[in-house]
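Convention: sequence-line order gives letters A, B, ...; per-chain numbering from 1.
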Amino acid sequence: MDSLVKKYNMPDKHGHFEEFGGKYVPETLIPALDELEQEYFKSKKDKNFQKEFFNLLKYYGGRPTPLYLAKNISGELGFNVWLKREDLNHTGAHKINNALGQILLARKMGKKRIIAETGAGQHGVATAAAAAKFGLECIVYMGEEDIERQKLNVFKINLMGAKVIPVTSGSKTLKDATNEAIRDWVTNVEDTFYIIGSSVGPHPYPMLVRDFQSVIGTETKKQFKDITNNELPDRLVACVGGGSNALGLFYPFIDDDVKIVGVEAAGKGIDTNQHAATLTKGEFGVLHGAASMLLQSNDGQIALPYSLSAGLDYPGIGPEHSYLQKTKRVEYSSATDNEALEAFKWLSEKEGIIPALETAHAVAYLKNKNNNIKKNEHVILNLSGRGDKDINTIAKELGIEL
Amino acid sequence: MNRIKQLFSNDSKKLIVFITAGFPEKDSTKDLVLEAIKGGADMIEIGIPFSDPQADGPVIQEANEIALKNGITLLEIFEQVKDIRRQTHVPIALMGYYNPILKMGTMDFIKKCNDAEIDGVILPDLPLDESVEFCNNLKDKNISPILLVAPNTAEKRIKKISKLAGDLIYAVSILGITGNDLSSKNNLENYLAKVKENSETPFMVGFGISSNDDVEWFNSFSNGAVVGSAVIKKVLKDRKKGVVENFVKSLKK
């Protein structure tokens with residue numbers, strides 16, 4: 001992967017993306033993070049590790065995923081929409097790429113117990129699958145509110161032998177599940193590996209999650225070049241919660257002449273107080289081990305984010321996204337619940353592909369005329385996950401009883 | 001000389017008591033702090049409530065939630081401390097998480113600490129590597145940055161941490177969060193000996209300390225014992241006047 005990245009070289013050796021990133025954690029976790037960093041750098045150079053990882057992605061995860069020209073919506077929109085079909089991964093989303101990478105690290109480090117946080121449950125499912133495959137104990141922290149919204153995923157996690165621990169503190173969603181996972185890790189740091197699900201948290205997590213996910217962009221680039229006789233796409237689009245599917249697609253293109261757009265969840269609108277548009281509306285702060293942009297009150301308390309999609313209602317964002325926004329390398333836009341819902345139905349009807357509600361935010365970007373996508377442009381959209389898990393939420397929104 | 005340095009320059013047994021600001025009522029801070037001092041506390045830590053207290057167990061989490069519901073703000077905490085200062089010379093440290101301080105602006109925060117005669121600052125989520133500038137700015141105002149060490153902190157790092165701290169460090173007794181159970185005395189003894197040998201400053205020990213026996217025991221292996229969750233637990237159960245004073249008395253008899 002290194003050979004693709006010539007100019008861009010982030011984070012620095014302390015895990016900073018300029019003022020973003022870093023390790024803002026209790027002292028107890030410092031040795032664990034240092035150990036993880038060392039192990040990660042070793043594994044990155046280790047051909048056997050890389051081979052094992054890519055074989056797992058291929059034979060267990062189902063990679064490579066197709067890059068599919070969605071002709072029906074392309075015809076309607078007047079530009080070419082290519083869907084990177086991460087929804088076709090085992091367990092239904094891009095999350096498995098990272099879970100498999102991290103579980104290999106856990107195994108190398110001799111950790112017997114795996115913990116994870118989950119919002120929409122996709123990361124919980126991916127981690128439970130990986131833990132089952134490697135015969136490791138797995139505990140998934142999940143907010144009570146999310147357990148209610150994502151019952152199907154809770155059931156799947158349990159089926160694969162992992163335990164879901166409901167989190168009842170704070171807003172009972174992803175941020176609180178993350179707090180609880182960190183508390184568990186501080187307490188059981190000697191035998192436990194924390195598989196963080198997005199490009200968030202203290203260094204080295206944002207970096208290693210990005211690297212494990214960058215298989216998405218590396219594959220996409222090759223696929224697009226093969227199809228077009230060595231061309232680059234004009235634009236990349238992905239939804240951003242913590243930001244791992246987006247970085248996975250973006251990173252291998254970061255030095256290329258390609259416009260890149262991340263789409264945040266605007267909930268009921270960015271001018272209301274019910275949204276999760278961290279980069280659009282947030283301010284600099286520190287949460288869950290990293291400095292980044294944050295939704296917060298005037299007194300520095302973390303604000304409760306809102307989005308209809310459980311995977312995007314996080315008050316922070318990966319530090320690298322804050323950096324990419326600051327340097328203007330990536331443009332950040334947002335889509336509301338309603339726009340996402342409409343896009344969800346639209347993609348399902350036109351292409352026979354039911355996207356995750358999170359992904360539908362990126363799909364909504366395509367439909368927004370203000371984005372000035374030129375005629376015949378080639379736009380690649382990361383179809384980060386499938387919508388099965390969201391069927392109940394959607395039905396409820398549409399007033400349909402299942 | 002700052003009050004913390006002065007306190008830790010003598011060898012007497014020390015009890016440090018933690019009180020969450022704005023808990024159980026918004027204006028309880030002063031009463032509870034003064035009760036703790038009357039009960040015999042040698043130093044006070046005032047907790048700045050935070051929405052996401054990652055290093056805290058359920059008891060202090062609950063106190064944080066109540067305090068935030070009461071609407072306490074960092075600015076009001078400074079006013080409360082000024083008021084407390086008029087009645088006591090016991091050292092006071094603020095303990096909290098980094099984000100509310102960043103939001104206020106670190107220099108503004110330090111200035112306000114100085115104005116309120118705060119003697120020390122403890123931030124569990126601002127470890128050595130991220131805190132050099134902040135610590136030096138505190139020290140410029142003669143305020144002690146009280147950095148933390150943990151049972152798994154390497155010897156060399158204990159040295160570095162204590163050097164940056166300058167006056168006092170805080171040894172977390174366990175791998176864990178506030179209010180957790182203590183590990184075996186044997187493990188603790190080895191750990192505290194390691195801190196003693198490597199720290200260039202005095203050190204106090206906290207997390208999981210809840211009884212008179214604990215306070216005695218930790219004082220024989222360190223320079224002071226911090227009691228937090230156990231105090232807050234008493235107040236959660238019984239908000240009557242005198243509860244904190246009596247409990248602190250029992251800790252230090």
Subject >> Between B:Ala150, B:Pro49, B:Gly176, the one whose heavy-atom pairs under 4.5 Å with chain A are most numerous >> reply: B:Gly176
Original post:
For chain A, which of B:Leu126, B:Ile161, B:Ile177, B:Asn152 has the most heavy-atom pairs under 4.5 Å?
Top reply: B:Asn152
Heavy-atom proximity to chain B below 4.5 Å, by part of [X]:
X	value
A:Ser297	backbone
A:Pro26	both
A:His288	both
A:Gln301	both

Would you compute the distance between atom [atom1] of [X] and atom [atom2] of [Y] and round it to the nearest 0.5 angstrom?
X	Y	atom1	atom2	value
B:Phe207	A:Thr28	CZ	OG1	7.0 Å
A:Ile302	B:Asn99	CD1	CG	4.5 Å
A:Thr192	B:Leu175	OG1	CG	11.0 Å
A:Asn298	B:Leu74	CG	CG	12.5 Å
B:Ser51	A:Leu287	OG	CG	7.5 Å

Original post:
Minimum heavy-atom separation for A:Asp299 to B:Pro100, with atom names?
Top reply: O-CB, 3.6 Å
Original post:
Of the non-hydrogen atoms in B:Leu148 and A:Glu27, which two are nearest, and what is the gap between them?
Top reply: O-CG, 3.6 Å
Crowded around [X] [atom1]? As in, over 12 foreign heavy atoms under 6.0 Å?
X	atom1	value
B:Lys82	NZ	yes
A:Lys281	NZ	yes
B:Lys160	NZ	no
A:Glu190	CD	no
B:Lys196	NZ	no
A:Lys13	NZ	no
B:Asp140	CG	yes

Original post:
Among B:Leu128, B:Asp129, B:Val149, whose side-chain contact (heavy atoms from CB on, under 4.5 Å) with A:Ile30 holds?
Top reply: B:Asp129
**OP:** Would you sort out whether A:Val25 and B:Asp125 count as a side-chain contact (heavy atoms from CB on, under 4.5 Å), showing the intermediate values?
**Re:** CA-CA 4 Å; A:Val25 292; B:Asp125 64 345; over 6 Å; no
Original post:
Do any of residues 53-72 of chain B come closer than 4.5 Å to chain A, heavy atom to heavy atom, and if so which ones, in number order?
Top reply: B:Pro53, B:Gln54, B:Ala55, B:Asp56, B:Gln61, B:Glu65, B:Leu68, B:Ile72
Original post:
Are B:Asp52 and A:Lys175 within salt-bridge range, i.e. N to O under 4.0 Å?
Top reply: yes
Original post:
Under the salt bridge (charged side-chain N to carboxylate O under 4.0 Å, His left out) test, which residues partner A:Asp34, sequence neighbours left out?
Top reply: A:Lys23
Subject >> Heavy-atom contact with chain A under 4.5 Å, split by part of B:Phe50 >> reply: both
